[in-house]
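One structure is given below, encoded as structure tokens.
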There are 2 protein chains.
Amino acid sequence: MLKYQHIADELENYIEEHKLQQGDKLPILQDLMIQFDVSKSTVTKALDLLEKKGVVFQVRGSGIFVRRHKRQGYISLTSNQGFKKNLEEFHITSEIITLDIRKPTKEAAVNLNIGLDDDVYYVKRIRYIHGQTLCIEESYFNKSIVTYLNKEIITESIFNYITEGLGLNIGFADTYLHVDKLNAEEAEYLGLQKGDPKLEVESVFHLTNGQPFDFSKLTYNYVQSQFFLQAVL
Amino acid sequence: MLKYQHIADELENYIEEHKLQQGDKLPILQDLMIQFDVSKSTVTKALDLLEKKGVVFQVRGSGIFVRRHKRQGYISLTSNQGFKKNLEEFHITSEIITLDIRKPTKEAAVNLNIGLDDDVYYVKRIRYIHGQTLCIEESYFNKSIVTYLNKEIITESIFNYITEGLGLNIGFADTYLHVDKLNAEEAEYLGLQKGDPKLEVESVFHLTNGQPFDFSKLTYNYVQSQFFLQAVL
DNA sequence: CAGTGGTCTAGACCACGAT
DNA sequence: TCGTGGTCTAGACCACTGT
């Protein structure tokens with residue numbers, strides 16, 4: 001385990017367990033260096049991680065403080081690993097509609113940077129939050145990278161399988177958002193009326209080497225759609 | 001100017017000017033160290049900045065590569081300084097509806113962490129993109145921090161004035177997104193029908209010392225609403 | 001002015017990728 | 001095995017905050 005990762009985890013746990021609030025002060029750099037027996041740069045790197053993640057903010061000449069947004073029940077748009085943490089936090093479950101190998105749509109092929117004749121795993125699921133319909137999810141996985149999938153795997157966390165099972169390293173994602181009106185089929189799945197609002201979230205996930213491996217399109221039930229985003233400016 | 005900031009700017013300009021594409025390789029660390037006459041850590045810090053910003057991705061054992069998302073015409077949800085760059089890129093203009101000093105709504109008071117009897121500057125604007133209505137914007141500024149505003153200032157960039165004119169340092173923002181249906185008044189402003197979809201974006205902006213100074217609520221025309229987000233996982 | 005975080009260095013050593 | 005990026009150190013010096 002990397003030292004700075006370890007320190008970041010420890011501090012985050014500490015904040016969580018002691019229910020520290022926005023503005024609460026953490027120990028100064030000097031103390032953290034001694035406590036974890038590392039150099040200043042390593043502590044700094046750990047704190048930069050936490051700052052990027054929206055957990056703390058640092059004020060030169062003053063100290064390190066806890067950052068905590070006020071609202072509960074919002075799904076993070078930037079949380080790592082495709083909703084992994086959110087899954088646990090919000091009790092999100094899913095029902096599989098389709099799983100097969102097929103040729104990509106033109107849109108999927110463009111986003112995955114493959115040809116129209118290459119194979120993809122196509123997954124369609126309905127996701128539920130606290131028993132309510134949250135969203136429709138359609139995913140296209142480049143089969144030459146994600147070589148195998150089955151119903152059991154996609155019932156659990158696909159991303160977990162990709163990293164643990166296949167040993168692939170997920171690097172970054174481009175995400176696009178649109179708001180539009182539901183068509184009849186989507187309304188049916190989500191238990192809403194045709195023409196009701198929807199939030200469409202398209203993501204292209206890449207490996208650390210830059211190869212796109214997953215193009216996903218999520219259509220959210222607007223009633224359940226509350227998202228948040230913590231930015232450092 | 002900080003060295004790592006300078007290097008980051010130079011590299012970003014280079015990528016822009018030479019129209020480098022996704023996957024194009026940049027010089028190796030060693031060369032960048034020599035070129036800019038700085039230590040390895042400084043180059044690394046510059047590259048980490050660019051990576052966070054979604055401009056490059058680094059692959060251990062291989063090199064540093066340009067990252068570039070495929071779609072044009074999307075507004076960045078994470079671009080710095082309240083849309084400053086987007087303003088230029090998309091020719092966003094605004095029309096002022098209201099500017100006055102008043103008491104905050106309960107909601108604004110909670111988000112700004114002030115009392116119901118404290119003063120705020122209230123600003124209501126309509127924003128246009130390429131001449132089309134983009135969104136309705138309502139902002140509440142804590143008057144004890146943002147001590148003065150006038151029509152001229154809010155016609156230009158408010159955030160620019162806050163940093164340059166008032167010498168304040170903007171630190172971070174919490175942003176919340178909802179999708180809902182337009183009410184009659186909003187529909188009127190946006191030139192849409194009541195019941196049409198809307199995207200509501202609420203942001204709380206904080207100074208570097210953690211004090212919230214601006215609570216803004218933006219209601220977007222769903223037709224014009226295309227956002228993107230570059231995440232590092 | 002003392003306290004505290006931020007920048008920068010030079011260099012050792014490690015881990016991953018390509019060949 | 002070599003090229004390349006990642007982690008970590010010890011320490012000098014700088015810049016902002018608060019008393």
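Values below: every heavy atom of this structure, side chains too, minus hydrogens, waters and symmetry copies. Naming convention: chains lettered A, B, ... in sequence-line order (proteins, then strands); numbering from 1 in each chain.
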Leading and trailing nucleotides of DNA chain D with any atom under 4.0 Å from heavy atoms of chain A:
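Reading along DNA chain D, I get D:dT7 to D:dT17.
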
Which atom names give the shortest non-hydrogen contact between B:Asp100 and B:Thr98, and what distance separates them?
OD2-CG2, 3.5 Å

Between B:Ser157 and B:Asn160, the two heavy atoms sitting closest are OG-N, 3.1 Å

Report which part of the nucleic acid B:Lys40 touches: base, sugar-phosphate, or nothing (heavy-atom distance under 4.0 Å, all strands).
base

With a 4.0 Å cut-off on heavy atoms, is B:Leu47 in touch with a base, just the backbone sugar-phosphate, or nothing at all?
nothing

Between the protein and nucleotides 14-17 of chain C, which nitrogen or oxygen pairs come in under 3.5 angstrom?
residue, atom, partner, partner atom, Å
C:dA15, O4', B:Arg60, NH1, 3.0
C:dG17, O4', B:Gly61, O, 3.3

Cation-pi check, B:Arg71 onto B:Phe228 ring (under 6.0 Å, within 45° of axis):
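B:Arg71 over B:Phe228 ring: no.
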
Do the ring planes of A:Phe215 and A:Tyr140 sit parallel (below 30°), tilted (30 to 60°) or perpendicular (above 60°)?
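Plane angle under 30°, so parallel.
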
Is the B:Phe205 ring parallel, tilted or perpendicular to the B:Phe213 ring (thresholds 30°, 60°)?
tilted

If you assign B:Asn209 and A:Tyr4 each to the DNA chain D nucleotide with the nearest heavy atom, which residue ends up on the more 5' nucleotide?
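Nearer the 5' end of the strand: A:Tyr4.
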
A:Phe57 has an atom CZ; how far is it from atom P of C:dT4, in whole Å?
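Interatomic distance, CZ of A:Phe57 to P of C:dT4: 16 Å.
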
In whole Å, I'd like the distance from the CG atom of B:Leu2 to the P atom of C:dG5.
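Rounded to whole Å, this separation is 18 Å.
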
Is a salt bridge present between A:Glu137 and A:Arg125, judged by a nitrogen-to-oxygen distance below 4.0 Å?
yes

Whether A:Arg67 and B:Asp174 form a salt bridge (side-chain N of Lys/Arg under 4.0 Å from carboxylate O of Asp/Glu) is what I want to check.
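So B:Asp174 pairs with A:Arg67 through a salt bridge.
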
Any chance you could lay out the salt bridge (Lys or Arg N to Asp or Glu O under 4.0 Å) test for B:Lys103 and B:Asp118, step after step, and finish with the verdict?
CA-CA 6 Å; B:Lys103 304 301 178 191; B:Asp118 293 320; over 6 Å; no

